[in-house]
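This report refers to the structure that appears directly beneath it.
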Amino acid sequence: MTEPPGVAGGYVDVGSIASVPVGSKAAVEIGGEPVGLYNVDGEIYAMDDLCTHDEAYLSEGDFNPSAGTIRCPRHSSHFDVRTGRPRTLPAILPVQVYEAKVEQGRILVLFDT
């Protein structure tokens with residue numbers, strides 16, 4: 001089996017760090033799956049983009065970089081972008097998080113494709 005384009009050692013290149021400045025968010029697709037990217041104080045966090053409560057796209061919600069949370073646009077659950085755990089109801093299940101790093105200005109996400 002060959003690796004898909006953009007995969008190096010399990011890490012997928014999802015774009016330039018310039019596309020996700022400090023305090024901002026972005027949505028990408030990896031292997032056909034929606035993934036949200038969040039820049040908290042220069043550190044990039046990546047997690048599944050679908051809310052575990054009602055499958056809304058989390059990246060369409062309000063991002064609070066000082067708290068490190070994203071609010072689901074459908075039912076207002078807040079998720080910690082560092083851990084994927086919900087901080088408020090109605091969501092009770094965490095969202096899958098992925099290791100992310102920046103190398104040579106590129107965002108790399110560890111994703112098992």
(message) Between Tyr45 and Tyr38 (judged by ring centroids, cut-off 6.0 Å), do the two rings come close enough to count as a pair?
(response) no
(message) Does Leu37 form a side-chain contact (heavy atoms from CB on, under 4.5 Å) with Val14? I'd like the steps, not just the answer.
(response) CA-CA 9 Å; Leu37 303 175; Val14 296; 3.8 Å; yes
(request) Return yes when atom CD of Glu29 has more than 12 non-hydrogen atoms of other residues, nucleotides or ligands closer than 6.0 Å, and no otherwise. (result) yes
(request) Using a cut-off of 6.0 Å, state whether more than 12 heavy atoms not belonging to Gln96 lie near its atom CD. (result) yes
(request) Grab the two heavy atoms, one from Pro94 and one from Arg85, that are nearest each other, plus how far apart they are. (result) CB-CA, 4.0 Å
(request) Show your working on side-chain contact (heavy atoms from CB on, under 4.5 Å) between Leu110 and Tyr11 and close with a plain yes or no. (result) CA-CA 4 Å; Leu110 184 59; Tyr11 282 91; 3.7 Å; yes
I'd like to know if the side chain of [X] reaches the main chain of [Y], judged simply by a donor and an acceptor atom lying under 3.5 Å from each other, with no hydrogens or angles considered.
| X | Y | value |
| --- | --- | --- |
| Lys25 | Gly61 | yes |
| Thr88 | His78 | yes |
| Asp54 | Ala56 | no |
| Asn39 | Ser24 | no |

(message) Using the rule side-chain contact (heavy atoms from CB on, under 4.5 Å), only one of Leu50, Thr83, Thr52 pairs with Val95; which is it?
(response) Thr52
(request) Indicate yes or no: at least one non-hydrogen side-chain atom of Arg106 is less than 4.5 angstrom from one of Ser16. (result) yes
(request) Apply side-chain contact (heavy atoms from CB on, under 4.5 Å) to Ile44 and Val20, showing your working. (result) CA-CA 8 Å; Ile44 296 293; Val20 191; 4.2 Å; yes
(message) Classify the ring geometry of His75 against His53: parallel below 30°, tilted from 30° to 60°, perpendicular beyond 60°.
(response) perpendicular
(message) As an exercise, state the distance from CG of Leu58 to CD1 of Ile70, rounded to the nearest 0.5 Å.
(response) 6.5 Å
(request) Examine the side chains of Asp49 and Ser59 and answer whether a donor and an acceptor come within less than 3.5 Å of each other. (result) yes
(message) Test side-chain contact (heavy atoms from CB on, under 4.5 Å) on Phe79 and Met47; report intermediate values, then the result.
(response) CA-CA 10 Å; Phe79 288 85; Met47 64 184 212; 4.0 Å; yes
